[in-house]
Amino acid sequence: MTLAVSRTLAETGEKALLRHIQGRIPTAPGVVVGLGDDAAAVETSAFTLVTTDSLVEGVHFHRDAVPPRLLGRKALTVNLSDVAAMGGIARYATVGLCLPPDLTLAWVDSLYDGLLERAAESGVAVVGGNVTRGREIVVDVTLLGDSGRLLLRTGARPGDRVVVTGRLGAAAEGVRLLAEGARLDEDAELLATGVWTESSAPAVLWCLRAQLDPRPPLALARSIAERGLARAGMDLSDGLSLDLVEICSRSGVGAVVEASAVPVDPRAAGLERARGGDALSLALHGGEDYQLLLAVGAEELGDVAELARVWGVEVAVVGEFVPGEPVVLLRDAAGERPLVPGGHDHFRAGPA
């Protein structure tokens with residue numbers, strides 16, 4: 001039976017919703033038992049990576065500002081980033097949904113359009129999940145992956161270089177743009193520039209896409225791990241200043257970051273300067289870049305750079321790990337000073 005997508009979830013009911021979702025999930029290799037049983041049964045490797053992440057309405061997004069298709073894409077992407085940062089290949093996902101009953105079936109379909117699209121791009125099979133009722137939307141994804149050689153947050157040594165991929169700050173700028181009324185449509189095309197003029201539209205579009213539809217360097221992360229080119233690593237999700245302290249703490253070292261070497265996204269920088277803000281601060285503390293933060297030995301830098309070139313990813317050496325306490329210093333023309341972590345903390349930050 002085909003359900004009318006204009007119906008609310010209250011009108012649809014839980015069992016009909018589950019049957020509708022199940023009918024949309026394709027079969028995939030390695031899935032012995034998929035949706036419809038008490039648990040999924042899947043084939044896994046010697047090292048099975050498991051990660052989970054939630055996107056919560058009012059914390060990570062606002063319903064009127066984020067198209068559900070892009071929300072579905074991002075819900076899977078943030079987990080893909082975690083698995084790749086440990087050197088893994090994502091294989092299987094489960095999706096837990098907490099949904100208000102006044103949502104329409106069309107909204108859920110659009111969410112799954114994005115999620116399944118991203119799953120197809122990355123070779124992931126959706127093998128199960130859950131739905132429940134709640135006041136706010138919660139999209140919770142658990143992802144399993146395979147890894148032959150793990151890349152951990154431990155292992156950085158004094159003398160290793162602090163390396164990041166991509167450019168930083170665009171996703172954080174995207175949060176500010178959403179608050180100013182800028183919007184994307186379901187296809188990630190610009191719908192409204194908010195307070196910005198049309199001349200700023202390309203930069204607004206770029207930063208909104210960085211926030212709502214991030215593209216982590218998945219293949220590069222796996223390639224670096226497979227070749228053992230980094231001693232430690234993680235994905236940049238909470239901001240460089242906070243994530244670098246995490247590697248330092250886990251590895252028992254300190255770090256010095258060169259302010260002039262931080263790869264600030266030029267589009268985000270232009271918008272931030274126009275509003276009188278500090279673009280470097282955005283790159284250091286903004287978060288949600290979903291790039292890589294690596295500890296790379298000096299002798300491996302050339303190989304990392306060549307590999308990044310093959311995959312079309314920018315890399316930058318932004319500093320060096322040093323002996324001592326797990327403290328990060330920022331060096332600029334005025335000298336060195338502690339880089340106080342200012343990234344995202346769920347229990348200190350307000351709503352997104």
Side-chain angles (χ1 to χ4, degrees), residues 1-44 48-80 82-83 90-145 185-187 212-213:
M1 180 180 69
T2 302
L3 296 175
V5 294
S6 60
R7 296 174 67 178
T8 66
L9 300 186
E11 295 167 329
T12 302
E14 178 183 352
K15 297 300 183 184
L17 174 61
L18 286 171
R19 287 193 297 269
H20 180 77
I21 291 173
Q22 185 176 350
R24 298 203 55 192
I25 307 301
T27 58
V31 181
V32 181
V33 178
L35 281 84
D37 224 302
D38 289 316
V42 297
E43 298 172 354
T44 59
T48 300
L49 304 177
V50 183
T51 188
T52 187
D53 218 325
S54 300
L55 297 182
V56 180
E57 184 178 8
V59 177
H60 302 99
F61 69 94
H62 293 285
R63 199 185 313 183
D64 63 349
V66 180
R69 176 175 169 267
L70 298 184
L71 182 64
R73 286 183 61 85
K74 185 172 180 178
L76 185 58
T77 296
V78 297
N79 287 277
L80 292 170
D82 283 332
V83 168
R91 296 284 305 278
Y92 311 110
T94 63
V95 183
L97 300 177
C98 181
L99 302 170
D102 62 344
L103 277 183
T104 64
L105 189 59
W107 193 97
V108 178
D109 266 341
S110 185
L111 177 83
Y112 262 89
D113 285 343
L115 197 150
L116 293 175
E117 180 182 74
R118 194 70 178 102
E121 292 169 0
S122 53
V124 169
V126 177
V127 297
N130 184 54
V131 296
T132 189
R133 171 178 175 158
R135 289 193 181 95
E136 285 83 32
I137 299 166
V138 179
V139 184
D140 185 86
V141 174
T142 298
L143 187 64
L144 278 68
D185 64 16
E186 290 278 330
D187 297 319
L212 299 179
D213 192 14

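All of these numbers come straight from a predicted model, not from anything done at the bench.
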Any side-chain heavy atom of Glu117 sitting closer than 4.5 Å to one from Tyr112? no

Roughly how far, to the nearest 0.5 Å, is OG1 of Thr104 from CD of Glu11? 10.0 Å

Which pair of non-hydrogen atoms, one from Gly145 and one from Val83, has the smallest distance, and what is that distance? CA-CG1, 4.3 Å

Does Arg135 pair with Glu57 as a salt bridge, N-O distance under 4.0 Å? no

Nearest heavy atoms of Pro101 and Gly134, plus distance in Å: CD-O, 4.3 Å

Please check this pair: side chain of Thr51 against backbone of Leu143, looking for a donor-acceptor N/O pair closer than 3.5 Å. no

Under a 4.5 Å cut-off applied to non-hydrogen side-chain atoms, are Leu105 and His20 in contact? yes

Report yes or no: do Thr77 and Arg118 form a side-chain donor-acceptor pair below 3.5 Å? yes

If you define the side chain from C-beta out and look only at heavy atoms, does anything of Val141 sit under 4.5 Å from Thr52? no

Could you state the interatomic distance from CG (Asp53) to NZ (Lys74), rounded to the nearest 0.5 Å? 10.0 Å

Should we count CZ of Arg24 as having more than 12 external heavy atoms under 6.0 Å? yes

Report yes if the side chains of Ile137 and Trp107 come closer than 4.5 Å at any heavy-atom pair, otherwise no. yes

Which is it for Glu136 and Arg63 under the salt bridge (Lys or Arg N to Asp or Glu O under 4.0 Å) test, yes or no, and what are the steps along the way? CA-CA 9 Å; Glu136 285 83 32; Arg63 199 185 313 183; over 6 Å; no

Is a salt bridge present between Asp113 and Arg69, judged by a nitrogen-to-oxygen distance below 4.0 Å? no

Any non-hydrogen side-chain atom of Thr8 less than 4.5 Å from a side-chain atom of Thr12? no

When rounded to the nearest 0.5 Å, the distance separating CG of Leu116 from CD of Glu121 is 11.0 Å

Before giving the answer on side chain to side chain contact (heavy atoms under 4.5 Å, CB included), spell out for Phe61 and Leu55 the whole-Å C-alpha distance, their side-chain angles and the decisive distance to 0.1 Å. CA-CA 7 Å; Phe61 69 94; Leu55 297 182; 4.2 Å; yes

Among Asp140, Val138, Val139, the one residue meeting side-chain contact (heavy atoms from CB on, under 4.5 Å) with Val56: Val138

Can you find a heavy atom in the side chain of Val126 that is under 4.5 Å from one in the side chain of Thr94? no

Here the pair of heavy atoms bringing Arg91 nearest to Gly30 is NH2-CA, 4.2 Å

Closest approach of Cys98 to Pro100 (non-hydrogen atoms, all atoms of both residues): O-CD, 4.2 Å

Considering all heavy atoms of both residues, which atom of Val31 and which atom of Val127 are nearest to each other, and what is their separation? CG2-CG1, 3.6 Å

Supply the atom-to-atom distance Leu17 CG to Asp109 CG, rounded to the nearest 0.5 angstrom. 9.0 Å

In Å, rounded to the nearest 0.5 Å, how long is the span from CG of Leu111 to CG of Leu97? 6.0 Å

So how far is it from Ser122 OG to Asn79 CG, rounded to the nearest 0.5 Å? 10.5 Å

